[in-house]
Every structure is written in structure tokens, then in C-alpha cells.
Asks: 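This is the structure I want to talk about, given as C-alpha cells.
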Amino acid sequence: MDTVRIIQLPKNGDRRGNLSVIEECMQIPFKIERTFWIYDVPGGETRGGHAYRETEELIVALSGSFDVVIDDGKEKKTYSLNRSYYGLYIPRLMWREMENFSTNALALVLSSTPYDAADYIRDYDEFKRIKL
Ligand code: TYD
């Protein structure tokens with residue numbers, strides 16, 4: 001099974017600045033069905049607090065910084081994202097919280113599925129039961 005990991009994205013830099021790129025099924029292991037972004041997060045606020053039954057994601061800090069706390073049912077690991085050429089790959093069935101958003105943080109999320117509220121697991125006890 002695929003594991004949570006930081007994926008280094010190509011960074012094409014020259015005197016004009018940098019350009020990074022993500023192409024379907026090349027830098028990331030899934031077909032992109034949806035893109036959304038999270039921004040204007042008030043200081044101290046957290047996002048996430050759920051897992052997905054099927055959805056895989058890649059999260060990139062396009063601007064600013066934030067932490068993603070991943071819980072696989074056994075242990076928690078915190079990934080600090082603060083560069084736009086690193087993406088955090090999250091497979092299905094991983095509990096995630098996003099916290100410590102800096103001012104002007106912009107989180108880009110690439111998703112393997114269209115939006116479906118039924119794909120969310122919002123109850124932590126249910127998540128733990130599924131992971132057993
Ligand atoms: P939610 O998943 O709760 O955000 P987060 O995981 O960052 O805490 O989504 C917030 C709201 O946006 C909720 O009303 C559902 C809606 N939404 C969509 O309509 N489409 C989407 O693709 C996503 C991710 C959320």
C-alpha cells in the first residue's frame with residue numbers, strides 16, 4: 001500500500017524565478033479528479049479532522065506554511081509544509097488535521113475523487129474501528 005510521504009516536485013528556476021509542475025500520474029500516484037485550495041485561515045484555526053474512505057490527496061503549501069498531522073490509527077506524525085516544491089501525499093484511510101497556518105498561507109489540494117460527503121469519516125472511533 002502507498003504510504004504518506006513528501007514528494008519533491010520539479011523546480012525549474014532561472015533568473016526570472018521558479019516554476020514547479022505536477023502532471024497526472026507522473027509526480028503523483030493518482031489521477032487528479034478535483035482541485036481545491038484553503039486560504040484566509042484565521043490564526044489558531046484547524047482544518048481537516050477527518051479521514052477519507054477512498055480519496056487520495058496531495059497537499060502543497062503554495063504560500064506561507066502550515067502543519068499536517070497524520071494519524072494512521074497507530075501513531076501520529078507531523079509534516080511541516082512551507083515550500084511550494086514539496087507535496088505531501090496522503091493515501092486513503094489516514095486521519096488528518098491541518099494546523100499552525102501562517103498569515104497568507106495557501107494550501108493547494110489535489111484529490112483523486114470528485115467531492116462526495118459520503119467518502120468522509122468524521123468520527124474518530126469509527127476510523128479506529130476501520131483501521132483495526
Ligand atoms: P471540509 O472538507 O469540512 O474542509 P476541511 O477538511 O478543510 O476542514 O469542507 C468545508 C466545506 O466545503 C464543506 O461545507 C464542504 C465543502 N466542500 C465542497 O463543497 N467541495 C469540496 O471539494 C470540499 C473539499 C469541500
Side-chain angles (χ1 to χ4, degrees):
M1 193 178 96
D2 266 325
T3 52
V4 176
R5 62 186 182 276
I6 295 284
I7 295 178
Q8 185 159 4
L9 304 167
K11 181 181 172 192
N12 300 284
D14 60 34
R15 63 176 176 75
R16 300 168 300 163
N18 295 322
L19 183 154
S20 289
V21 59
I22 297 169
E23 286 167 280
E24 201 161 271
C25 300
M26 287 185 63
Q27 291 81 11
I28 57 173
F30 60 84
K31 190 172 180 309
I32 301 161
E33 291 281 349
R34 174 167 52 120
T35 303
F36 60 94
W37 48 100
I38 297 167
Y39 53 99
D40 291 347
V41 178
E45 200 56 74
T46 62
R47 309 269 329 187
H50 54 71
Y52 298 116
R53 296 171 206 282
E54 295 298 334
T55 300
E56 299 165 67
E57 284 183 340
L58 186 89
I59 303 179
V60 183
L62 285 187
S63 170
S65 62
F66 50 86
D67 294 337
V68 185
V69 183
I70 300 292
D71 178 346
D72 65 2
K74 291 200 182 94
E75 56 184 12
K76 289 184 185 185
K77 193 168 172 191
T78 300
Y79 295 85
S80 294
L81 297 180
N82 56 12
R83 293 282 182 267
S84 53
Y85 52 86
Y86 286 128
L88 178 65
Y89 170 70
I90 310 177
R92 59 196 283 270
L93 292 177
M94 292 286 167
W95 193 267
R96 91 283 315 281
E97 310 260 1
M98 298 168 72
E99 59 189 30
N100 286 333
F101 284 86
S102 70
T103 305
N104 291 333
L106 170 58
L108 175 72
V109 185
L110 305 181
S111 171
S112 68
T113 61
Y115 177 68
D116 177 6
D119 194 43
Y120 282 68
I121 304 167
R122 292 192 180 275
D123 182 83
Y124 188 73
D125 291 337
E126 183 187 359
F127 168 71
K128 292 282 276 188
R129 276 198 302 276
I130 291 171
K131 292 295 275 187
L132 279 177

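Numbering of ligands and ligand atoms starts at 1, following listing order.
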Asks: How far does CD1 of Ile6 sit from CD1 of Ile59, to the nearest 0.5 angstrom?
Replies: 9.5 Å

Asks: Quick one: ring-ring contact (aromatic ring centres under 6.0 Å, His included) partners of Tyr52, sequence neighbours excluded?
Replies: His50, Tyr120

Asks: Would you check if Leu106 and Ser84 make a side-chain contact, meaning some heavy-atom pair closer than 4.5 Å?
Replies: no

Asks: To the nearest 0.5 Å, tell me how far Leu62 CG sits from Asn104 CG.
Replies: 13.0 Å

Asks: Let me see the working for Glu97 and Lys76 under side-chain contact (heavy atoms from CB on, under 4.5 Å), right down to the final yes or no.
Replies: CA-CA 10 Å; Glu97 310 260 1; Lys76 289 184 185 185; over 6 Å; no

Asks: For ligand 1, what are the residues with a heavy-atom contact below 4.0 Å?
Replies: Arg34, Phe36, Ile38, Arg47, Gly48, His50, Tyr115, Tyr120, Arg122

Asks: Determine the interplanar angle of the Tyr124 and Trp95 rings, folded into 0 to 90°, and report it as parallel if under 30°, tilted if 30 to 60°, perpendicular if over 60°.
Replies: perpendicular

